[in-house]
Amino acid sequence: MTRSLQALLGGGVLEAARGLLGRRLRSDIGGEVCEVILTEVEAYAGADDPASHAYRGKTPRTRTMFGPPGHLYVYRSYGIHWCMNVVTGPEGQASAVLLRGGFPVAGEAVMAQRRGRADHLTDGPGKLCQALGVTGANDGAPLSEGPVRLHDADPITGVVIATSRVGVGKAADRLWRFVLTKGV
DNA sequence: ACGAGGATGCTCT
DNA sequence: GAGCATCCTCGTC
């Protein structure tokens with residue numbers, strides 16, 4: 001019996017990030033069901049993390065990160081793309097896990113249509129949101145019962161590699177990007 | 001396989 | 001007005 005998803009997300013952000021790897025993420029949006037297994041995530045520790053959007057306190061954009069764990073924090077990146085996070089830790093503590101990639105296990109045709117190409121469907125945070133149909137409209141949605149859900153089941157296991165976060169200049173010494181690779 | 005450069009618009013100072 | 005938690009295309013090797 002694995003630790004429940006709810007308990008995992010309510011705890012420390014690094015443990016939550018590692019614990020999200022290998023889990024199923026499903027979207028039911030626009031009448032289409034798509035699902036991936038998460039393979040790449042990054043941890044952002046709110047007030048303790050200069051690289052976090054929430055580092056300088058609560059703003060209109062970051063309000064959902066200060067809310068309860070287990071909800072989506074979706075923001076627009078570089079004016080073009082959507083990126084999604086899973087809010088973690090106790091309410092009031094703005095930590096979150098950025099979902100950067102996965103591999104498709106359902107709805108590949110829909111993902112390809114949304115992406116406008118057949119390859120590189122979910123290997124990047126903006127691509128993952130586009131493939132799953134996630135937009136700012138999903139910001140704040142609970143992952144337990146909304147259009148985007150995390151399965152509370154045993155995750156796929158493998159070798160986890162830790163690196164510095166992508167596109168982040170601040171706190172580059174923190175190896176808070178976690179990638180799930182195939183086990184031997 | 002890899003790297004450089006441009007597109008694009010919201011957020012906060 | 002500066003700075004982005006990015007992606008795509010087109011050039012090299």
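Model, not experiment: these values are computed from the prediction. Chain letters run A, B, ... following the sequence lines, proteins first and then strands; every chain starts at 1.
Distances shorter than 4.0 Å separate some side-chain N or O of A/R117 from OP1 or OP2 on C/dT9. For C/dA5, the OP1/OP2 oxygens have a side-chain nitrogen or oxygen of A/H53 closer than 4.0 Å. Contact check, A/R100 against C/dT6: a side-chain N or O comes under 4.0 Å of OP1 or OP2.
A/Y55 places its OH atom 13 Å from the P atom of B/dT13, with the value rounded to the nearest Å. Between A/R174 atom CZ and C/dA5 atom P there is a gap of 15 Å when expressed in whole angstrom units. Rounded to whole Å, atom P of C/dC7 lies 10 Å from atom CD1 of A/I80. Summarising the geometry, the separation between NE2 on A/H81 and P on B/dG6 is reported as 16 Å, rounded to the nearest angstrom. In this structure, CE of A/M84 is placed 14 Å from P of C/dT6, rounded to the nearest angstrom. Between A/W82 atom CH2 and B/dG9 atom P the separation is 12 Å, expressed in whole Å. A straight line from OH of A/Y73 to C1' of B/dC10 spans 11 Å, rounded to a whole angstrom. Straight-line distance from the OH atom of A/Y44 to the P atom of C/dA5: 7 Å, rounded to whole Å.
Between the side chains of A/Q130 and A/R115, at least one donor N or O sits under 3.5 Å from an acceptor N or O.
Within 4.0 Å of A/R165, counting heavy atoms only, lies no atom of the nucleic acid at all.
In this structure, C/dT9 and B/dA4 make a Watson-Crick or G-U wobble pair, each of the two defining distances being under 3.5 angstrom. Of the nucleotides present, B/dC10 is the one that pairs with C/dG3 by Watson-Crick or G-U wobble criteria, both distances under 3.5 Å.
The side chain of A/Y75 approaches C/dA5 more closely than any other nucleotide in the set B/dT13, B/dC10, C/dA5. Here the nucleotide nearest the side chain of A/K170, chosen from C/dC4, C/dC7, B/dT8, is C/dC4. Side-chain proximity of A/R115 to C/dA5, B/dC10, C/dC7: nearest is C/dC7. The side chain of A/M65 approaches C/dA5 more closely than any other nucleotide in the set C/dT6, C/dC8, C/dA5.
For A/H53 and A/Y44, the ring centers are positioned 6.0 Å apart or more.
Here A/Y78 does not count as stacked on B/dG9, because the ring centres are not under 5.5 angstrom apart with planes under 30°.
Using a distance-only test at 3.5 Å, with no hydrogens or angles considered, no donor-acceptor pair links the side chain of A/R63 to the main chain of A/G67. Although no hydrogens or angles enter the test, the distance criterion places no donor-acceptor pair under 3.5 Å between the side chain of A/R114 and the main chain of A/V110.
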Working for salt bridge (Lys or Arg N to Asp or Glu O under 4.0 Å), residues A/D49 and A/K170: CA-CA 9 Å; A/D49 185 358; A/K170 297 165 186 166; over 6 Å; no
